[in-house]
2 protein chains.
Amino acid sequence: MYKKINIKDIARIAQVSHTTVSRALNDKSRIRQETKEKILSIAKELGYRPNFIARSLVLKRTRTLGLVITNIANPFYTELAQGIEKTATKLGYSIILCSTQSDISTEKQYIEMLRSKGVDGIVFSSAHMEDPNIVALAEEEFPITLVNRRTYHPVVKEKVNYVGVDNILGGFLAVEHLIRLGHERIGVIGGSAESSVGLERLEGGKKALSTYGLEQRNDYFLEGNFLKKSGYERGKQFLKMAELPTAIFAASDYMALGVCQAILEEGLRIPEDVALIGFNDIEFSSMQGIELTTIGQKKFEMGAIAVEMLVEKIEKGEERTSAKEVLLMPELIIRKTCGFHLKGYQIESTNPSPPTLSPEGRG
Amino acid sequence: MYKKINIKDIARIAQVSHTTVSRALNDKSRIRQETKEKILSIAKELGYRPNFIARSLVLKRTRTLGLVITNIANPFYTELAQGIEKTATKLGYSIILCSTQSDISTEKQYIEMLRSKGVDGIVFSSAHMEDPNIVALAEEEFPITLVNRRTYHPVVKEKVNYVGVDNILGGFLAVEHLIRLGHERIGVIGGSAESSVGLERLEGGKKALSTYGLEQRNDYFLEGNFLKKSGYERGKQFLKMAELPTAIFAASDYMALGVCQAILEEGLRIPEDVALIGFNDIEFSSMQGIELTTIGQKKFEMGAIAVEMLVEKIEKGEERTSAKEVLLMPELIIRKTCGFHLKGYQIESTNPSPPTLSPEGRG
DNA sequence: TAGTTGTTTGAAAAAACTTTCAAAATCCCT
DNA sequence: AGGGATTTTGAAAGTTTTTTCAAACAACTA
């Protein structure tokens, strides 16, 4: 049986007090180089492993972060989670994974647990619009950051950092692309009403419609929940309409894949019968046989920035008070589900400049 | 500023000792019902939140598990991770996520960290064949379980629990399916040599070949690493051969998707020119436009069983000494990449019985 | 009433570490 | 050699909780 050895064991062998051992181990001053080396070598020899929980108890720091996410199965979140986990370990933190299935009360329990376990901060990747848990944390000034989804609550806006894409621009780009390809009846499948990103993408889409002078038909806006199944169902709904849209913008690739399934099942072709554009650019969107045109966003980088901001907040403490907001630029990724390639256009630069192209490509 | 309140604060207000408060909070005996209720109500009113790290210090239990995984981005692992996370929380544990990118020394650092943080156990989803870190843990009898990949090291086999699929059977099923459809030149893309599952699947494939009296050609066995890119590259390699295989079995769907890309790029059709079968049945394999025939395994359940076994080991302690090994049954899932549907067979039951079907379907 | 039993409570120790403060040791200068 | 300054070390307290042991208290029996 391996007995765990602690700072006192080392002290006894090195013939010093455990205080001195602590100083040696933590590379503190007020210790002679010689004694430090001796202690270090003994520690190494004994295979000493520091007990972080004892340390945490006195330091009130665990170097552990919570990650609350709806569901890792969603490919968008797994890429995000990767960025988060990687940069957390780079910065010396580990992360506790919490998947809430979007349930506010599950989220609350997770938060309770995380705080009892003494995490130094939490990153939320899927905040609800009016998430009371997040508001409470913000009021208490507990270190958190929001990534991807945000909350419009004033105290959250004032106090907590946020990273995301410019979803309004993204939505605009998506619908604009459809419009430029000649579509006038454009169906939009939004995210759930609890998600800021869905709303913002929808808003961007509507903006494109009005910029190009197209009618906004209410029956062409359907609410989804970002999941494949919901894309499938909303897609079917569109396809049953008397005057069905000629193009569909789904607020996530995952949903777009569901729409794809629905369209194909009805015996329709993509993009000839109905064009399809998604959002996120998950890995599978680029697969042969799918080749979904979509709005790309830097998911890994988003996660990385989120934890960098959080760690800065934790370590810098109260120094910076105002909340930062960083918005990454979305990017139109043209593949084959909108028919761009069929019309023989050459791929142009897709940087997010204001709409200048004359609608010559219509019809 | 919210000051954290502790057991002593409650004691002061309730006019009892903190010992008594502890008893009330933990629902222990040796306390009068009346005092207990009083204490509980005070605790609630003050918003008391137990400090798990102090508790952990004395109890030597953290109710936290480590999950070491190569990479959450691989869809197979995300489904597995879901099963793990969900049942961990169900059993009152939280999990710290560690993605090693298959690097042994990164893994070692993660293990050090996890142990310093006092996790009660670790689940390894991607053990290397001769992983020294795992051997060391096993020798020390630190609670771990292996899921998916295993190690053939004798002390690990003797001491640590394992859950996985019957990969040999799975490989057999895959290649058998190809053989029954008339293929005689079957290329296999294995996993990396460090992975037990790749080896076992290959072994199963070879077994099918010999069972049906087919030649085993060494140039038809290529080593991959389970990732899409490696499937693409190995696929290309096969397609450049003078006598290219008429069917390919890839040891993971993720690789099969890469192979798919390679085949399509070469202007060949699936399954008419070359048939393709994968392993894992990840969610995207069932997508329209892909419809990959594959070997299914219960990933979520596998994860669930892994943590159940681990928790049992942790909580039961030394009571059960011999290591359990649970092997789930793989299942042939026939979709469209092997051409089964083209031949007008009706879908038969695919339970893993010994090969009885006469090879009437050949040619 | 004394003695026994059983229940309820609290003091103190323990877990493994960091930090503060004071004491001891060393060094330098006159 | 003596005194001040500086460096090195250790004792003790603190972090929050659980647990052991003993004390106090109530109730019951003889």
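Chain letters run A, B, ... following the sequence lines, proteins first, then strands; residues in each count from 1.
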Q. Quick one: side chain to side chain donor-acceptor pair (under 3.5 Å) partners of B:Ser116, sequence neighbours excluded?
A. none
Q | Sugar-phosphate, base or nothing in reach of B:Thr35, heavy atoms under 4.0 Å | A | sugar-phosphate
Q: Give the angle between the helix axes at the two ends of the helix from C:dT1-D:dA30 to C:dT30-D:dA1, taking five base pairs at each end and rounding to 10°.
A: 60°
Q: Go through the structure and list residues passing side chain to side chain donor-acceptor pair (under 3.5 Å) with A:Arg32, not counting sequence neighbours.
A: none
Q: Please determine if a side-chain N or O atom of A:Ser17 lies less than 4.0 Å away from the OP1 or OP2 oxygen of D:dA11.
A: no
**Q.** Residues in contact with DNA chain C, drawn from residues 112-120 of chain A - heavy-atom cutoff 4.0 Å
**A.** none
Q. Roughly, in whole Å, what's the span from CD1 in A:Ile53 to P in C:dA14?
A. 18 Å
(Q) Does this structure show an ion pair linking B:Asp9 with B:Lys4, if we count only N-O contacts that are shorter than 4.0 Å? (A) no
(Q) Checking B:Glu130 now: which residues fulfil side chain to side chain donor-acceptor pair (under 3.5 Å) with it, not counting sequence neighbours? (A) none
Q | Where protein sits on nucleotides 15-23 of chain C, one letter per nucleotide: B base, S sugar-phosphate only, - none, heavy atoms under 4.0 Å | A | BBBBBB---
Q. For the pair made of CD1 in B:Ile31 and P in C:dG10, what is the distance, rounded to whole Å?
A. 9 Å
**Q.** Donor-acceptor side-chain pairing of B:Thr20 and B:Ser17 below 3.5 angstrom
**A.** yes
Q. Is the shortest side-chain N to carboxylate O distance from A:Arg63 to A:Glu315 below 4.0 Å?
A. yes
Q | A:Thr70 side-chain N/O to A:Thr100 backbone N/O, donor-acceptor pair under 3.5 Å | A | no
Q.
What is the separation between atom CD on A:Gln15 and atom C1' on D:dT8, rounded to the nearest whole Å?
A. 17 Å
Q: Measure the distance from CZ on A:Arg61 to P on D:dG14 and round it to the nearest whole Å.
A: 23 Å
**Q.** Rounded distance in Å - CZ (A:Arg32) to C1' (C:dC27)
**A.** 13 Å
(Q) If only side-chain N and O atoms count, and only distance matters, is there a donor-acceptor pair under 3.5 Å linking A:Thr64 with B:Lys117? (A) yes
Q. Between the side chain of B:Tyr162 and the main-chain N/O of B:Ala306, is any donor-acceptor distance below 3.5 Å?
A. no
Q) Rounded to whole angstrom units, what separation is found between the CD atom of A:Glu34 and the P atom of C:dA25? A) 16 Å
Q) Nearest of D:dT8, C:dT9, D:dG10 to any side-chain atom of A:Val16? A) D:dG10
Q: Could you check how far CZ of B:Arg63 sits from P of D:dT17, rounded to whole Å?
A: 17 Å
Q: Identify the two heavy atoms, one from B:Leu40 and one from B:Ala24, that lie closest to each other, and give their separation to 0.1 Å.
A: CD1-O, 3.8 Å
(Q) Has A:Ser99 got a side-chain atom pairing as donor or acceptor with A:Val68's backbone, closer than 3.5 angstrom? (A) no
